[in-house]
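I have placed the structure first, in the form of structure tokens, so that the comments after it can refer back to it.
Basis for what follows: all heavy atoms, side chains included, without hydrogens, waters or symmetry-related copies. Lettering of chains follows the sequences in order, A, B, ..., and the numbering in each one begins at 1.
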Amino acid sequence: MIDLKLLRDDPDRVRASQRARGEDPDLVDAALAADERRRSAVTRYDTLRAEQKTIGKQVAAAAKGPDDEKHALLARAKDLAAEVKDAEAEQAAADDALRETQLALSNVIEDGVPEGGEDDFVVIATSGEPREFDFTPRDHVELGELLGAIDTARAAKVSGARFYYLTGVGALLELALINLAMQQAVSAGFIPMLPPALVRPPAMEGTGFLGQAAENVFRLEADDFYLVGTAEVPLAAYHMDEILDGAKLPLRYAGFSPCFRREAGSYGKDTKGIIRVHQFDKVEMFSFTTPDEAAAEHQRLLAWEREFLDALEVPYRVIDVASGDLGSSAARKYDCEAWIPTQGKYREVTSTSNCTQFQSRRLNIRMRDADGVRPLATLNGTLCAMPRTIVAILENHQQEDGSVVVPKALRPFLGRDLLTPSTR
RNA sequence: GGUGGAGUCGCCUAGUGGCCGAUGGCGCACGCCUCGAAAGCGUGUGAGGGUGCAAGCUCUCCGUGGGUUCAAAUCCCACCUCCACCGCCA
């Protein structure tokens with residue numbers, strides 16, 4: 001949710017941000033008008049209500065006095081009650097209208113975000129070199145089959161398209177990745193969390209997933225639950241309606257959870273394999289910090305993501321996502337993209353967003369320090385999304401015979417150095 | 001799923017229609033006392049909005065949402081959450 005003060009003091013900055021995102025700058029003026037309307041409604045209600053309270057006290061005092069005086073007061077009080085009710089309704093309507101326009105506005109982008117759409121990202125780092133194969137590399141679907149690690153055919157029978165079974169070493173590979181990721185997170189000071197994957201509407205709404213992203217959210221209508229698309233939702237909402245002690249920030253959580261995505265509108269994209277699926281597991285980092293520290297924390301989250309990819313010995317690059325391709329709550333976003341040999345391109349495996357105070361305002365999460373009580377900053381970053389990471393490992397570390405060399409960092413967790421084709 | 005009980009300002013708690021934005025304690029902050037501390041004493045201590053340069057003035061919030069009333073923490077209804085017991089499942 002946008003800061004009202006910023007909206008009033010510097011509407012041009014918000015308009016410019018909207019334009020850079022390819023969103024409607026006129027929403028700014030709609031919000032300003034709604035703010036104006038609300039303020040006059042509040043003043044009217046406050047005045048009437050103060051009068052009502054005064055008269056109420058007079059009625060109580062006159063209770064023992066003469067009848068005609070009492071009746072006159074009561075008559076006046078009745079009229080006033082009707083007016084108050086009317087003013088209250090108008091204020092409530094004005095409140096709702098303002099909130100609606102406020103919610104329609106996306107976060108103000110950070111200075112330096114590349115302008116443009118999906119293809120206008122800026123590559124800010126690359127690590128490792130795409131490997132030269134002296135044989136024709138197999139894609140992860142074929143490798144998964146050879147190794148007895150991935151079964152998409154039976155998953156289609158049981159659950160339909162975009163589902164998969166991890167079997168045998170595939171299952172073990174995920175468990176090893178979870179443990180490696182959690183170990184890294186914990187030694188960096190994160191609090192490990194296993195959050196709920198079903199949440200009630202306020203948590204989903206507060207994290208901003210019921211806006212443009214709503215069509216990608218699974219909903220359990222009979223019970224009014226949403227299935228989370230990322231642990232970001234339950235981790236952000238963990239401190240909903242709380243005031244955190246400024247001295248205890250930053251608070252960092254590493255949440256492992258299943259993630260559910262409808263993938264509406266992606267028909268035809270990545271239909272093969274496990275790059276784009278309806279359900280997967282992920283270890284997500286989440287930070288609550290002061291507004292001043294947000295940008296620096298963003299860099300730290302990116303560094304932790306890179307540390308993890310480095311440990312997996314996978315070539316990747318880091319992109320600074322362009323303004324038109326940011327989620328509505330992100331002021332800035334960096335994606336790490338791993339090299340996928342059989343596609344000949346880099347594909348997103350992790351993503352970290354600085355949501356500044358945008359998300360905390362919606363979720364009503366604040367901090368208290370010497371400067372008083374105010375919204376804090378929230379940031380999130382993927383540490384390890386299992387299927388895409390598994391794809392990157394299998395494809396990059398494969399050998400001619402279909403075996404896959406296990407990255408050194410993962411060996412203690414997997415208990416083996418090499419995955420070999422099985423005759424299952 | 002059934003029955004009963006409960007949700008008040010960081011924590012505990014008083015409060016059954018106007019004198020209540022709300023009692024008291026703990027905690028916390030500051031001060032006094034002390035060589036220093038503890039104890040003791042004193043003062044202060046929720047959040048949000050409107051208005052104002054400011055001091056201030058004012059409105060809202062007693063789980064949430066409705067209702068009754070001139071007036072609701074207090075009465076009524078629905079919902080949410082928690083606790084206990086029973087049933088069921090793991």
Would you please name every residue forming a side chain to side chain contact (heavy atoms under 4.5 Å, CB included) with L6(A), sequence neighbours left out? D3(A), D10(A), R13(A), V14(A), V108(A)

Searching all strands shown, indicate the nucleotide that pairs with rC35(B) (Watson-Crick or G-U wobble; both distances under 3.5 Å). none

Donor-acceptor list for residues 87-95 of chain A side chains, cut-off 3.5 Å, not counting sequence neighbours:
from   : atom 1 : to     : atom 2 : distance (Å)
E90(A) : OE1    : R37(A) : NH2    : 3.4
E90(A) : OE2    : R37(A) : NE     : 3.2
D95(A) : OD1    : R38(A) : NE     : 2.6

According to the Watson-Crick and G-U wobble definitions, with both distances under 3.5 Å, which nucleotide is paired to rU68(B)? none

Residues two or more places apart in sequence or in another chain: which of them pass side chain to side chain contact (heavy atoms under 4.5 Å, CB included) with Y238(A)? M193(A), Y253(A)

Who pairs with F286(A) by ring pair (Phe, Tyr, Trp, His ring centres under 6.0 Å), at least two apart in sequence or on another chain? F288(A)

When rounded to the nearest 0.5 angstrom, what is the spacing between CG in L180(A) and CG in L414(A)? 11.0 Å

To the closest 0.5 Å, what do you measure between CD (E232(A)) and SG (C355(A))? 6.0 Å

Using the P atom in both, what is the distance from rG4(B) to rC77(B), to the nearest Å? 14 Å

What's the gap between rU74(B) and rA84(B) when it is taken at their P atoms, as a whole Å value? 27 Å

In the structure shown, which nucleotide is the Watson-Crick or G-U wobble counterpart of rA55(B), with both distances under 3.5 Å? none

Which one is paired to rA22(B), where only Watson-Crick or G-U wobble pairs with both distances under 3.5 angstrom count? none

Strand partner of rU3(B), provided both Watson-Crick or wobble distances fall under 3.5 Å: rA84(B)

What integer number of Å spans the P atoms of rC30(B) and rC83(B)? 38 Å

Side chain to side chain contact (heavy atoms under 4.5 Å, CB included) partners of Q299(A), counting only residues at least two apart: L302(A), Y334(A)

Residues in side chain to side chain contact (heavy atoms under 4.5 Å, CB included) contact with A338(A), at least two apart in sequence or another chain: V314(A), V349(A), A392(A)

Side chain to side chain, D335(A) and V318(A), heavy atoms closer than 4.5 Å: no

Give every residue pair that meets the ring-ring contact (aromatic ring centres under 6.0 Å, His included) criterion with at least one member in residues 181-211 of chain A, sequence neighbours excluded. F190(A)-W304(A)

Pairwise salt bridge (charged side-chain N to carboxylate O under 4.0 Å, His left out) hits with a residue in residues 14-27 of chain A, at least two apart: D12(A)-R15(A), R15(A)-D29(A)

Which protein N or O atoms sit under 3.5 Å from an N or O of nucleotides 76-80 of chain B?
from    : atom 1 : to      : atom 2 : distance (Å)
rC80(B) : O2'    : R200(A) : NH2    : 3.3

Span that lies between the P atom of rU69(B) and that of rG10(B), in whole angstrom: 34 Å

When both distances are under 3.5 Å in a Watson-Crick or G-U wobble arrangement, the nucleotide paired with rC89(B) is none

Given the C1' atoms of rG25(B) and rU8(B), what is the spacing between them in whole Å? 15 Å

For rU8(B), the Watson-Crick or wobble counterpart (both distances under 3.5 Å): rG15(B)

For atom C1', what is the distance between rC75(B) and rG17(B), given to the nearest Å? 8 Å

Measure CD/E242(A) against P/rA47(B) and give the value in whole Å, please. 15 Å

Under 4.0 Å, heavy atoms only, any strand: does R368(A) hit a base, just the sugar-phosphate, or nothing? sugar-phosphate

Measure from CG on D245(A) to C1' on rA47(B) and round the result to the nearest Å. 17 Å

Using the C1' atom as the point on both nucleotides, what is the distance between rU81(B) and rG31(B), in whole Å? 43 Å

Could you check which nucleotide pairs with rC79(B) in any of the strands shown, counting Watson-Crick or G-U wobble with both distances under 3.5 Å? rG63(B)

Within the sub-3.5 Å range, which N or O atoms of nucleotides 48-56 of chain B have a protein N or O partner, and how far apart are they?
from    : atom 1 : to     : atom 2 : distance (Å)
rG49(B) : O2'    : R38(A) : NH2    : 2.8
rG49(B) : N2     : D46(A) : OD2    : 2.5
rG50(B) : OP1    : R8(A)  : NH2    : 3.1
rG50(B) : O2'    : T43(A) : OG1    : 3.2

In whole Å, I'd like the distance from the CG atom of L48(A) to the P atom of rU60(B). 12 Å

Expected rows: protein N/O vs nucleotides 67-75 of chain B N/O, under 3.5 Å:
from    : atom 1 : to     : atom 2 : distance (Å)
rC70(B) : OP1    : K78(A) : NZ     : 3.3

To the nearest angstrom, the CD1-C1' distance between I243(A) and rC11(B) comes to 15 Å

Suppose you measure atom P in rC26(B) against the same atom in rC20(B); what distance do you get, rounded to whole Å? 23 Å

For residues 192-215 of chain A, which residue pairs pass the salt bridge (charged side-chain N to carboxylate O under 4.0 Å, His left out) check, not counting sequence neighbours? none

Sub-4.5 Å side-chain heavy-atom contact between L166(A) and I150(A): yes

